[in-house]
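Scroll down for the structure; my scribbles are underneath it.
We're numbering straight along the sequence, starting at 1.
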Amino acid sequence: MQGSVARQGRLSPMERKLRVAGGQLGPIQRADSREQVVDRLLALLTEAADLGCELIVFPELALTTFFPRWHVPDLAEFDHFYETEMPNAVTQPLFDEARRRGIGFSLGYALIERADDGTVHRWNVQTLVDTTGEIVATFKKVHIPGHDTFDPERPFQHAERYFFEPSPDGFGVWDAFGARVGMMICNDRRWPETYREMGLQGVELILCGYNTPIHYVPDPSQDELQGFHNKLVMQSGAYQNGTFVVGVAKGGVEEGVASLCESIIVAPSGQILAEATTDGDEVIWADLRLDWCKQYTGTLFDMDYYRRPEVYTRLTTMRGPNG
Ligand code: CDT
């Protein structure tokens, strides 16, 4: 069904339509340079532009290997994995080509910010760039998974909580590409609050990059369910909030760790419009009839009419069952 509008019904000329792509990446090994990776991103962007797409979504941490799989005693040893500005010399060709071809993109990467008072912030971010090559917004990951100290029991680490601060900003929504666009990064997609926060701001399109190791060390019974859970959360989040979701992987075997691919584009009905079939670099795409969102947010999920915030007070006053 890739690229199909069959499930959306017929498009009338008056309807808002957006042709969107997911630019799935295969693995990025530690020895791969950023220049090599940007060449791969440019190839995906070019393919999407040739297909007539106006936007391509790239994965989380799309410029480097997924470095939180290692732990180093001094955090600063890994500062070379972070960008200090965007665009920069290595990524500028991506911005230039986007402007030349008239295609926007979202790109995940690690960002280090040094404040004037000497404070250092390390973020896991995703930047949205419009069809003129201008930055619309940079989103910081909210839900940081994994652990913050070295775990000798693990065959590989998932030390994101060591390498990244959680966003203090939460989930924003921006007017771009003729739509209300929001972003989330990897683990954010598993939390219903993520989608609802954006749903309450009228989101129509959520962009998500991810790196999901297939082996989940704390509970390996989840390994064989990774693909199912990936679809479960994005399809239900899309349906329950009447929004499109584009979820894009960096997958395959990276530094010996197998990660999920299965990038998807989901409709407000919860149906999958396009899905990756490889575990390498691949473009998926679909035509989004943006007013399809209203068929859900204006009926069954008319939030203004049906929601009961007065009885949902635990949602913002409690973190979990223990308070
Ligand atoms: N990158 C990322 O957020 N990955 C997580 C792995 C969770 S297990 C530590 C995910 O939710 O896919």
Side-chain angles (χ1 to χ4, degrees), residues 1-12 14-22 53-55 57 104 106 126 128 136-137 139 142-143 170-210 228-248 263-275 284-312 315-316:
M1 291 301 288
Q2 194 168 122
S4 171
V5 293
R7 289 177 180 155
Q8 308 184 51
R10 295 168 81 136
L11 285 168
S12 87
M14 299 301 290
E15 288 185 282
R16 293 179 303 141
K17 193 197 82 175
L18 180 66
R19 183 166 292 184
V20 70
C53 297
E54 296 152 80
L55 169 64
V57 181
S106 81
Q126 189 168 294
L128 180 62
V136 176
F139 165 78
V142 171
H143 300 96
F171 297 96
V173 168
W174 297 270
D175 290 318
F177 302 93
R180 294 280 283 166
V181 184
M183 291 185 270
M184 60 184 179
I185 300 179
C186 195
N187 191 259
D188 289 327
R189 76 195 190 286
R190 302 187 191 273
W191 298 90
E193 295 87 347
T194 297
Y195 304 86
R196 186 61 99 213
E197 276 288 308
M198 290 187 266
L200 286 168
Q201 298 170 77
V203 77
E204 295 173 310
L205 173 60
I206 300 178
L207 316 178
C208 177
Y210 60 89
F228 167 63
H229 288 158
N230 184 53
K231 288 189 171 116
L232 178 72
V233 292
M234 289 195 278
Q235 289 185 259
S236 56
Y239 167 65
Q240 290 168 344
N241 293 277
T243 180
F244 290 93
V245 174
V246 182
V248 181
S263 303
I264 49 174
I265 300 175
V266 187
S269 60
Q271 292 165 292
I272 292 175
L273 299 177
E275 180 171 1
I284 59 170
W285 65 280
D287 280 326
L288 314 185
R289 182 171 63 79
L290 293 165
D291 291 328
W292 196 355
C293 299
K294 288 200 187 72
Q295 287 172 232
Y296 288 85
T297 58
T299 60
L300 195 67
F301 295 126
D302 181 342
M303 298 189 205
D304 288 317
Y305 192 66
Y306 292 115
R307 284 186 80 248
R308 302 283 318 283
E310 65 279 14
V311 295
Y312 304 152
L315 287 179
T316 52

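Aromatic rings from Phe171 and Tyr195 are positioned such that their centres are separated by 6.0 Å or more.
Within a 6.0 Å radius of CH2 in Trp191, no more than 12 heavy atoms belonging to other residues, nucleotides or ligands are found.
Rounding to the nearest 0.5 Å places CG of Leu288 at 12.5 Å from CD of Glu15. In this structure, the separation between CZ on Arg19 and CG on Asp287 is 4.0 Å, given to the nearest 0.5 Å. Here His143 contributes atom NE2 and Glu193 contributes atom CD; the two are 5.5 Å apart, rounded to the nearest 0.5 Å. If you take CD1 on Ile265 and CD1 on Ile284, they are separated by 4.0 Å, rounding to the nearest 0.5 Å.
A cation-pi geometry, defined here as NZ or CZ lying under 6.0 Å from the six-membered ring centre and within 45° of its normal, does not hold between Arg307 and Tyr312.
What you find for Gln240 and Met303 is that their closest heavy atoms are O-CE, 4.5 Å. Scanning all heavy atoms of the two residues, the minimum distance from Leu300 to Tyr306 falls at O-CD1, 3.8 Å. Leu205 and Val246 get closest at one heavy-atom pair: CD1-CG2, 3.8 Å. What you find for Met234 and Tyr210 is that their closest heavy atoms are CE-CE2, 4.1 Å. Of all heavy-atom pairs spanning Ser269 and Trp292, the tightest one is OG-CZ2, 3.5 Å. Heavy atoms only, all atoms of each residue included: Ala176 and Val181 are closest at O-CG2, 3.4 Å.
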Met184 and Ile206: CA distance, side-chain angles, deciding distance, side chain to side chain contact (heavy atoms under 4.5 Å, CB included) verdict: CA-CA 7 Å; Met184 60 184 179; Ile206 300 178; 3.8 Å; yes
Verdict with reasoning, Arg16 to Asp291, per side chain to side chain contact (heavy atoms under 4.5 Å, CB included): CA-CA 7 Å; Arg16 293 179 303 141; Asp291 291 328; 2.8 Å; yes
Full working for side chain to side chain contact (heavy atoms under 4.5 Å, CB included) between Ile185 and Phe139: CA-CA 9 Å; Ile185 300 179; Phe139 165 78; 3.6 Å; yes
Derivation of the side chain to side chain contact (heavy atoms under 4.5 Å, CB included) call for Val203 and Glu197: CA-CA 9 Å; Val203 77; Glu197 276 288 308; over 6 Å; no
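The backbone N or O of Leu207 sits less than 3.5 Å from a side-chain atom of Gln126, completing a donor-acceptor pair. The closest donor-acceptor contact from the side chain of Gln235 to the backbone of Gly270 lies under 3.5 Å. For the pair Arg180 (side chain) and Gln201 (backbone), a donor-acceptor distance under 3.5 Å is present. Thr297 places no side-chain N or O within 3.5 Å of a backbone atom of Gly242 that could act as its donor or acceptor partner.
Proximity of Asn230 to Arg189: side-chain heavy atoms (C-beta onward) are separated by under 4.5 Å at one or more points. Between Leu55 and Leu128 there is a side-chain heavy-atom pair separated by less than 4.5 Å. Proximity of Tyr239 to Asn241: side-chain heavy atoms (C-beta onward) are nowhere separated by under 4.5 Å.
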